[in-house]
Amino acid sequence: TTAPIQFGRAPDPFGAPLKGGLDEVVIWDQVLSTEEIGLKAFVIVRGDAEGLLASYHFDENSGSIAYDSGPQDIHAQIDGANIGQSTSDIPVRWLGTMSASWTEQENWSSGIIPQTDDNLVITALGNSPIIAATDVVEINDLMINQGASLTLESGGILAINGEAINNGTFTTKRIPEANGKYSMVGSPLVNANVSDFGADVMVAYDPLVGEYTGATGTAFPGTGYFTAYFNPEPEITLMGTPSTGEINVPLISSLGPTSSYNLVANPYTAPIAYDEFVMANQLAISGAIWLRDDGGINANDSRFGDYVTVNSLGVVAAAQGSTGSVWNGNLASFQGFFVRKISSGNNLTFTPAMQVTTAGSNSDVNHFRSGGGAPIQSIKLALSNKKQYNEVIVALSDQATFDEDQHLDAAKIKGNPHFSFYSWLNGEAFAIQAVPKPDQSIMESSVPLGFDIDEPGDFQLSVVEFNNDSDEYSIFLIDHLLG
């Protein structure tokens with residue numbers, strides 16, 4: 001036929017126009033099979049594609065001409081329609097034509113790797129996508145179609161700033177501690193069950209009584225647990241829908257020194273920044289978090305593991321050498337940890353803005369245990385023998401008082417019943433303690449130190465780090481028992 005081809009209106013010259021939108025109109029020189037239509041439907045066609053007659057992207061911002069990017073320059077006249085409307089809400093679709101690699105741009109309908117503002121649709125076409133351990137993905141919305149699947153490998157990052165809808169299969173993985181060591185974990189999925197973790201031991205923490213209880217039922221995002229796997233090479237594999245949006249976790253406490261602690265967890269499939277998390281919750285919790293570092297050495301039917309303590313002043317390690325260099329300021333996906341509720345706190349809040357998309361920030365080496373350096377004008381001390389090790393930080397701060405300062409001081413959780421090293425304030429043990437800087441009104445500050453041991457032996461008291469940007473202050477260790 002020599003009659004003009006019309007899109008968006010019936011052949012009758014007086015036919016009603018389409019009430020909708022058109023984008024990526026393509027004309028081929030042959031009839032396509034059902035399979036070919038499925039493969040080409042979501043592809044932005046290049047001008048040199050085999051069999052292409054004409055291709056209209058409608059990317060013009062104004063005017064009445066839709067330009068043909070095909071080989072014959074068959075430009076089209078626009079009549080009664082607005083051109084240049086925003087297409088930012090048009091999703092990018094997974095085609096999987098080349099491989100399962102998320103980072104291979106030919107696998108995507110846009111021809112490029114998805115960007116931060118993109119809405120994605122994972123289709124059942126081609127190879128099923130895999131986000132590898134070294135991949136960093138940040139997107140807006142995610143939809144997984146029926147029959148489609150997406151896998152997030154342990155260490156990979158999937159930061160979703162919008163919503164997630166799963167009509168297919170989403171799988172996320174994490175490598176926990178092995179050989180019976182304890183890990184603190186939580187679910188980044190909205191519909192996971194405790195049994196899905198497949199742990200040999202899994203317990204929850206009841207802040208009302210300050211005791212551990214058997215874990216059952218739904219593993220709600222934001223709730224933390226302890227797990228142990230006797231397998232030498234365990235892997236947690238959960239299937240469901242990624243947790244997205246703001247997550248609020250009720251904080252509970254009752255009378256007693258241990259009942260203000262709540263066991264919580266990162267609810268997202270991306271790491272979160274410690275600083276952002278604490279800032280958003282400064283009216284609900286003290287500024288510290290506690291992470292388990294299982295030493296794995298048995299004694300008297302217990303383990304020598306203990307808690308890593310983190311706050312704005314520094315990080316106190318629980319095992320010599322194993323945690324001194326891996327704290328990166330982030331809480332990995334699946335990571336569980338303790339927080340301490342303060343009197344004004346009712347809910348703990350997680351938001352997508354806390355998510356971190358730095359390469360390597362979700363790696364297994366940063367998961368479940370952490371340690372690190374101390375700030376300026378501080379001293380980090382360690383008490384140790386051949387099997388046991390504990391650290392304490394004492395720091396000088398203009399904001400400190402001689403009472404407990406919620407966002408400077410961090411209480412000591414005595415995770416090892418056989419050994420503990422701490423500072424002492426108002427009848428309570430601390431892992432990190434800040435004191436006022438000496439000045440004309442305060443000539444000196446003293447911090448009592450204490451330790452608990454259940455077996456006699458030789459122990460070494462050592463200075464792990466000493467940071468002082470001034471020669472104004474001198475630090476002395478005084479033995480009040482032996483002088």
Side-chain angles (χ1 to χ4, degrees), residues 7-8 18-26 32 34-46 49 55-61 66 69 81-132 135-152 156-172 188-191 239-245 268-270 352-353 355 357:
F7 297 98
L18 170 70
K19 293 182 179 180
L22 290 175
D23 198 11
E24 301 301 331
V25 174
V26 182
L32 302 181
T34 301
E35 182 179 359
E36 288 175 318
I37 293 174
L39 291 173
K40 298 178 184 294
F42 306 117
V43 174
I44 296 177
V45 177
R46 298 173 179 173
S55 176
Y56 304 97
H57 299 307
F58 297 107
D59 290 338
E60 298 80 9
N61 292 323
S69 63
N82 295 319
I83 195 169
Q85 297 293 314
S86 174
T87 59
S88 60
D89 59 343
I90 296 176
V92 177
R93 288 173 168 81
W94 170 264
L95 304 178
T97 52
M98 303 299 294
S99 67
S101 173
W102 186 278
T103 57
E104 189 161 359
Q105 58 188 17
E106 289 82 2
N107 285 324
W108 298 99
S109 62
S110 60
I112 60 173
I113 301 170
Q115 306 297 305
T116 302
D117 296 328
D118 285 336
N119 300 319
L120 301 193
V121 175
I122 305 300
T123 71
L125 300 173
N127 301 282
S128 296
I130 296 174
I131 300 175
D135 289 345
V136 177
V137 176
E138 183 179 9
I139 58 173
N140 188 39
D141 291 342
L142 172 68
M143 174 178 283
I144 303 176
N145 283 351
Q146 185 175 4
S149 66
L150 170 61
T151 299
L152 174 61
I157 296 174
L158 174 58
I160 304 173
N161 297 319
E163 297 180 315
I165 299 174
N166 180 20
N167 296 316
T169 302
F170 176 78
T171 303
T172 181
L189 307 183
V190 298
N191 44 3
M239 301 174 69
T241 302
S243 174
T244 60
Y268 301 121
T269 52
Q355 295 179 117
T357 54

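At least one side-chain heavy atom of Leu150 sits less than 4.5 Å from a side-chain heavy atom of Ile131. Looking at Asn191 and Thr241, their side chains come closer than 4.5 Å, going by heavy atoms from C-beta outward. Side-chain contact check for Pro114 versus Val137: every heavy-atom pair is 4.5 Å or farther apart. Contact of the Glu163 side chain with the Leu142 side chain is not registered, since no non-hydrogen atoms from C-beta on lie closer than 4.5 Å. Looking at heavy atoms from C-beta onward, Pro242 lies in side-chain contact with Phe170 at the 4.5 angstrom threshold. By the 4.5 Å heavy-atom criterion applied to side chains, Tyr268 and Pro188 are not counted as neighbours.
A donor atom on one side chain and an acceptor atom on the other are not found under 3.5 Å apart for Thr172 and Thr269. Using modelled atom types, one finds no donor on one side chain facing an acceptor on the other under 3.5 Å when comparing Asn140 with Asn161. A donor and an acceptor atom, one from each side chain of Ser99 and Glu104, are located under 3.5 Å apart. For the 3.5 Å distance criterion, the side chains of Ser101 and Thr103 qualify, holding a donor opposite an acceptor.
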* List the steps, then state whether side-chain contact (heavy atoms from CB on, under 4.5 Å) holds for Asn107 with Thr97. => CA-CA 5 Å; Asn107 285 324; Thr97 52; 4.2 Å; yes
* **Trace of the side-chain contact (heavy atoms from CB on, under 4.5 Å) decision for Met239 with Thr169** => CA-CA 7 Å; Met239 301 174 69; Thr169 302; 3.1 Å; yes
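With sequence neighbours excluded, the residues that form a side-chain contact (heavy atoms from CB on, under 4.5 Å) with Ala270 are Ile157, Ala159, Gln355. When the side-chain contact (heavy atoms from CB on, under 4.5 Å) test is applied to Thr151, the partners found at least two apart in sequence or on another chain are Ile130, Glu153, Thr171, Lys173.
Scanning all heavy atoms of the two residues, the minimum distance from Ser149 to Pro129 falls at O-CD, 3.1 Å. Nearest heavy atom pair, residue Ser110 against residue Val92, reads OG-CG1, 3.6 Å.
Asn119 CG to Ile139 CD1: the interatomic distance, rounded to the nearest 0.5 Å, is 8.0 Å. With rounding to the nearest 0.5 angstrom, the CD atom of Gln105 is 8.0 Å from the CD1 atom of Ile112. Considering OG of Ser109 and CD of Glu24, their distance stands at 9.0 Å, rounded to 0.5 Å. Rounded to the nearest 0.5 Å, atoms CG (Asp135) and CD1 (Ile113) are 8.5 Å apart. A distance of 11.0 Å separates OG1 in Thr244 from CG in Leu189, rounded to the nearest 0.5 Å. Atom CD1 of residue Ile122 and atom CD1 of residue Ile165 lie 13.0 Å apart, to the nearest 0.5 angstrom.
Using a distance-only test at 3.5 Å, with no hydrogens or angles considered, no donor-acceptor pair links the side chain of Asp118 to the main chain of Leu120.
Note: Trp94 and Trp108 have perpendicular aromatic rings, judged against thresholds of 30 and 60 degrees for the angle between ring planes.
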